Amino acid sequence: MNIVDRFINYTRINTTTSREKGAAGIMPSSQGQMELAILLKAELEALGMKEIVLHDTAILTATLPANTNKDLPTVSFFAHLDTSAEQTNDTNAQIVSYQGGDIVLNEALGIALKESEFPEIAQYQGQNIIVTDGTSLLGADDKAAIAAIMQALQVLVANPEIEHGPVKVAFLPDEEQGLRGAKAFDVESFGADFGYTLDCCGIGEFVHENWNAGNAVVTFTGQSAHPMSAKGKLKNSLLMAHKFIAMLPPGEAPEYTEGREGYYWVKEMSGNSAKTVLKMDIRDFTKHGYAHRMTFLQQLADSCQALWGEGHIDIELSDRYENVANSLEGEAGFPIEIAKAAYRRNNIEMKAIPMRGGYDGAVLSQKGLPCPNIFTGAHNFHSIYEYLPVRSLQAASDVVLDVIRITAEEYAK
């Protein structure tokens with residue numbers, strides 16, 4: 001099976017994540033994810049993979065044993081099964097030969113992928129591009145990754161002269177709602193030494209740093225009173241929350257920051273004059289900056305409590321995931337060097353970008369499996385304008401192959 005047919009076949013299975021079922025603790029949150037996992041299990045079996053395990057959570061793992069006597073580290077690759085809930089319709093993928101200008105996705109509905117809105121598409125003139133019919137996501141996030149990994153395995157099995165050490169793969173559910181599959185994944189029993197996710201980004205992009213991420217839940221407890229006799233009695237928790245928000249550093253919010261600039265995100269607030277709950281996300285790329293932000297919030301809550309009195313404010317701070325870079329410092333950074341070499345072999349300029357978000361690799365790295373991120377080649381994730389240049393998809397698979405080759409050539413223990 002060629003890589004394009006493989007990818008389009010995967011897109012025919014609707015794997016939209018279900019936020020409601022996910023919130024209820026159900027994994028996988030949608031039946032389509034298990035359906036795709038079952039299909040992949042059958043394909044892995046047909047390839048002769050070993051140690052194939054499909055859990056009832058839809059977590060699927062498999063191993064391609066080494067074909068050399070060298071003592072080599074075990075490299076692994078990860079992709080996620082689910083697609084975003086931003087669009088829930090079935091995908092009707094189509095291949096267009098792009099000659100420049102706009103791409104008409106759905107003539108009947110008047111939907112087009114416009115070059116004026118997505119100018120980066122111009123670089124793919126003269127190439128075949130996979131798009132939707134304008135009524136759904138394409139699902140390249142993350143089925144392009146699944147196709148790239150499976151195609152690389154097919155090449156290795158068909159060409160036993162390619163020397164390689166142990167190669168492990170894992171396909172995880174429900175990444176699109178809090179990295180739930182990665183959080184449930186047993187890194188220790190998996191047995192890999194390092195890994196790569198394939199998730200996001202155009203050809204050449206590479207992620208080896210992302211947020212240190214935390215949560216804050218701040219509860220303001222007021223004292224209700226009838227407004228006719230409220231003077232000296234009413235303590236309005238809504239106004240307490242607004243005062244707290246007003247004391248956050250100005251300009252340090254998502255809408256004012258970019259690159260490696262961290263932020264406080266006032267994400268949700270609900271309540272009344274008696275009780276108000278404020279939920280916030282805290283993000284910073286550096287360990288020091290993240291610790292400073294969390295300490296600042298605690299100190300701000302302590303100061304408010306001193307001002308308003310005991311029992312009027314309570315803050316709960318928690319960590320969500322760490323920066324992948326924390327696990328790739330010093331000698332542990334060799335997965336980055338392998339990836340750089342693999343990109344060079346394919347004449348791809350590496351564009352290392354700081355990811356202003358989380359991905360499965362952040363959780364896996366925190367669990368002890370260093371896991372930077374390789375491109376899939378797709379653009380416009382979570383959108384009906386998502387598209388995937390065929391050459392970029394093939395390039396992602398070629399990079400996976402060369403990561404495996406280079407590991408065998410240069411990293412014997």
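As the structure is a prediction and not an experimental result, all values here were calculated from the model. Each residue takes its place number in the sequence, starting with 1. Worth knowing before you read on, the calculation uses all heavy atoms, side chains too, and leaves out hydrogens, waters and symmetry mates.
Using a 3.5 Å distance cut-off with no hydrogens or angles, the side chains of R180 and T17 do not pair a donor with an acceptor. Side-chain contact annotation: S383 with N380, donor-acceptor N/O pair under 3.5 Å absent. S30 and S18 share no donor-acceptor pair across their side chains, judged by distance under 3.5 Å alone. Between the side chains of N323 and N326, not a single donor N or O lies within less than 3.5 Å of an accepting N or O. If you check the side chains of T15 and K143, you find a donor sitting under 3.5 Å from an acceptor.
Formation of a donor-acceptor pair under 3.5 Å by the N159 side chain with backbone atoms of I162 is not found in this model. Of the possible polar contacts, one joining the S327 side chain to the V324 backbone as a donor-acceptor pair under 3.5 Å is found. Of the possible donor and acceptor atoms, one in the side chain of Q94 sits under 3.5 Å from a partner among the backbone N and O of T132. Looking only at distances, no side-chain donor or acceptor of T74 sits under 3.5 Å from a matching main-chain atom of G165. Looking at K41, its side chain never comes within 3.5 Å of a backbone N or O of L54 through a donor-acceptor pair. Under a 3.5 Å cut-off, the side chain of Y321 and the backbone N or O of G358 do form a donor-acceptor pair. Between the side chain of H164 and the backbone N or O of A66, no donor-acceptor pair lies under 3.5 Å. Looking at R356, its side chain never comes within 3.5 Å of a backbone N or O of W211 through a donor-acceptor pair. The backbone N or O of P65 sits nowhere less than 3.5 Å from a side-chain atom of E51 that would complete a donor-acceptor pair. Judged by distance alone, with hydrogens and angles left aside, the side-chain atoms of T91 form a donor-acceptor pair with the main-chain N or O of L137 at under 3.5 Å.
Side-chain contact check for T276 versus M269: some heavy-atom pair is nearer than 4.5 Å. Taking 4.5 Å as the limit, every side-chain heavy atom of Q154 sits out of range of all side-chain heavy atoms of I3. No side-chain heavy atom of M280 sits under 4.5 Å from any side-chain heavy atom of I245. At a threshold of 4.5 Å between non-hydrogen side-chain atoms, the residues F171 and I149 count as touching. Residues D199 and D360 fail the side-chain proximity criterion, which asks for heavy atoms closer than 4.5 Å. Side-chain contact between I282 and F296 is absent, with no heavy atoms from C-beta onward closer than 4.5 Å. Taking 4.5 Å as the limit, some side-chain heavy atom of R405 sits within range of a side-chain heavy atom of R345. Using a 4.5 Å heavy-atom cutoff, the side chains of T197 and D142 are not in contact.
For the pair C200 and N373, the tightest heavy-atom approach, listed with the atom from each and the gap, is SG-ND2, 4.2 Å. Nearest heavy-atom pair across A140 and E386 is N-OE2, 3.0 Å. Of all non-hydrogen atoms in S318 and M294, the two that sit nearest each other are O-CE, 3.7 Å. Smallest separation of non-hydrogen atoms from Y256 and G251: CB-O, 3.2 Å. The two residues R391 and G126 have their closest heavy-atom pair at NH2-O, 3.9 Å. For S273 against L238, the heavy-atom pair with the smallest separation is N-CD1, 4.0 Å.
Residue E188 qualifies as open at atom CD: its count of foreign heavy atoms under 6.0 Å is 12 or below. Counting heavy atoms of neighbouring residues, nucleotides and ligands inside a 6.0 Å radius, atom CD of E161 exceeds 12 of them. Residue H292 places its NE2 atom among 12 or fewer non-hydrogen atoms of other residues, nucleotides or ligands, all under 6.0 Å distant. In E258, the CD atom is not crowded: 12 or fewer heavy atoms of neighbouring residues, nucleotides or ligands sit closer than 6.0 Å.
Under a cutoff of 6.0 Å and an axis angle of 45°, R293 and Y264 form a cation-pi pair. For K367 and F185, the positive end is not near the middle of the six-membered ring at less than 6.0 Å and at most 45° from its axis.
Across L317, V277, D314, I315, a single residue satisfies side chain to side chain contact (heavy atoms under 4.5 Å, CB included) together with V217, and that is V277. Screening D284, N212, D319 against Y290 for a side-chain hydrogen bond (donor to acceptor under 3.5 Å, both in side chains) leaves a single residue, D319.
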- request: Would you please test L248 and L300 for side chain to side chain contact (heavy atoms under 4.5 Å, CB included) and show each step?
  value: CA-CA 9 Å; L248 296 174; L300 179 57; 4.2 Å; yes
message: Quick one, L113 with I129, criterion side chain to side chain contact (heavy atoms under 4.5 Å, CB included). Give me CA distance, side-chain angles, the key distance, then yes/no.
response: CA-CA 12 Å; L113 197 166; I129 298 178; over 6 Å; no
- request: Could you please spell out the steps behind the side chain to side chain contact (heavy atoms under 4.5 Å, CB included) verdict for W308 and K243?
  value: CA-CA 11 Å; W308 299 331; K243 289 175 182 177; 4.2 Å; yes
- request: Go through E310 and Q305 one step at a time and tell me if the side chain to side chain contact (heavy atoms under 4.5 Å, CB included) criterion holds.
  value: CA-CA 6 Å; E310 189 76 25; Q305 182 159 273; 3.6 Å; yes
Donor-acceptor contacts, no H, no angles, side chain residues 81-90, under 3.5 Å, sequence neighbours left out:
residue : atom : partner : partner atom : Å
D82     : OD1  : H80     : ND1          : 3.0
D82     : OD1  : D174    : N            : 3.3
D82     : OD1  : E175    : N            : 3.0
D82     : OD2  : E175    : N            : 3.1
D82     : OD2  : E176    : N            : 2.8
T83     : OG1  : T16     : N            : 3.4
S84     : OG   : E86     : N            : 3.1
E86     : OE2  : R19     : NH2          : 3.2
N89     : ND2  : T135    : O            : 2.8
D90     : OD1  : N14     : ND2          : 2.8

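Rounded to the nearest 0.5 Å, atoms CD (E261) and CZ (R283) are 16.0 Å apart. To the nearest 0.5 Å, the span separating CD1 on I203 from NE2 on H379 amounts to 8.5 Å. The distance from atom NZ of K183 to atom CD of Q366, rounded to the nearest 0.5 Å, is 9.5 Å. Atom CD of Q151 sits about 9.5 Å away from atom CG of L153, to the nearest 0.5 Å. Going from atom CE of M49 over to atom CD of E43 covers 11.5 Å, rounded to the nearest 0.5 Å. Taking CD1 of I404 as the reference point, atom CG of L156 lies at 4.5 Å (rounded to 0.5 Å).
Checked against a 6.0 Å centroid threshold, the rings of Y98 and Y387 do not count as neighbours. Taking the ring centroids of F375 and Y343, they lie under the 6.0 Å cut-off.
Annotation: ring-ring contact (aromatic ring centres under 6.0 Å, His included) contacts of F194 (sequence neighbours excluded): Y196, F334.
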